[in-house]
Amino acid sequence: MFRNKLCPIFLILIIGCTKNNPKAYKDYQALRCEINNNNKITYVNYVFNIKNGYLYFYDDIKKEFIQKSERFESGFFSENGNEIFSFIHKNNLVVTNIEYYRDLNKDQKFIKKQNVINLKSLNIRKINKNEIGDYEVLRGNCIWIDPKLGIGY
């Protein structure tokens, strides 16, 4: 009787502890982060190299990881007009995204956004400027996902 009650408790503990462990594929790990912005929840996936922090995506056709900065050269045009820089610093994955645009006076402008993900606590801080020009910080949580499949485990 005692053994029947103890088995589900151990099962819950094992499943709960494994969710905090990252799954690596070669030198790549992946996170899915949830950010709440005015009751609008957005999800962002980050696949990164654990040695240098560079962002990647997995190409199912070529069966390989391709660096995000090479998307334009590889024929993937989703990053057109954006620059993405990322690195790992003191157990944080720092992702900087610069978006270029032209205003009504045809002047070149840019918006700089920065995401800082603590790889131990799995918390994310998204820092960007609002319409007034003030900095705002949004917070969220992340979970480890499979780098190739993009699904949680």
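Heads up: numbering here begins at 1 and tracks the sequence.
For the atom pair Thr96 OG1 and Ile84 CD1, the distance stands at 10.0 Å (nearest 0.5 Å). Here the straight-line distance linking atom CD of Gln114 with atom CG of Asn128 works out to 10.5 Å at 0.5 Å rounding. We find the CG-CD1 distance between Leu119 and Ile124 to be 10.5 Å, quoted to the nearest 0.5 Å. Taking CG from Leu31 and CD1 from Ile145, the interatomic distance works out to 7.0 Å, rounded to the nearest 0.5 Å. Rounding to the nearest 0.5 Å places CG of Asn52 at 7.5 Å from OG of Ser86. Between the CD atom in Gln29 and the CZ atom in Phe48 there is a gap of 4.5 Å [rounded to 0.5 Å].
Remark: Thr42 pairs with no residue by the side chain to side chain donor-acceptor pair (under 3.5 Å) rule, at least two apart or across chains. Contacts of Asn49 classified as side chain to side chain donor-acceptor pair (under 3.5 Å), with partners at least two apart in sequence or in another chain: none. Taking Phe87 as the reference, nothing meets the ring pair (Phe, Tyr, Trp, His ring centres under 6.0 Å) condition, with sequence neighbours excluded. Remark: Lys148 engages no residue in a salt bridge (Lys or Arg N to Asp or Glu O under 4.0 Å) (not counting sequence neighbours). Evaluation of the side chain to side chain contact (heavy atoms under 4.5 Å, CB included) rule for Asn141 yields Asn123 as partners, not counting sequence neighbours. With sequence neighbours left out, Lys112 forms a side chain to side chain donor-acceptor pair (under 3.5 Å) with no residue at all. Every residue meeting the ring pair (Phe, Tyr, Trp, His ring centres under 6.0 Å) condition with Tyr58, not counting sequence neighbours, appears here in chain and number order: Phe65.
Counting heavy atoms from C-beta on, the side chains of Val137 and Lys126 never come closer than 4.5 Å. Here the side chains of Trp144 and Leu122 are in contact, with some heavy-atom distance below 4.5 Å. Side-chain contact between Phe57 and Asn45 is absent, with no heavy-atom pair separated by less than 4.5 Å.
Taking the six-membered ring for Trp and the full ring otherwise, Tyr28 and Tyr56 have centroids separated by under 6.0 Å.
Asn115 and Tyr46 share a donor-acceptor pair across their side chains, judged by distance under 3.5 Å alone.
Applying the salt bridge (charged side-chain N to carboxylate O under 4.0 Å, His left out) rule to pairs touching residues 43-58 yields Asp27-Lys51, sequence neighbours excluded.
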Listing, residues 34-41 side-chain donor-acceptor contacts under 3.5 Å, not counting sequence neighbours, or none:
{"residue": "Glu34", "atom": "OE1", "partner": "Tyr43", "partner atom": "OH", "Å": "3.1"}
{"residue": "Asn36", "atom": "OD1", "partner": "Asn39", "partner atom": "N", "Å": "3.1"}

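Looking only at distances, no side-chain donor or acceptor of Lys62 sits under 3.5 Å from a matching main-chain atom of Asp59.
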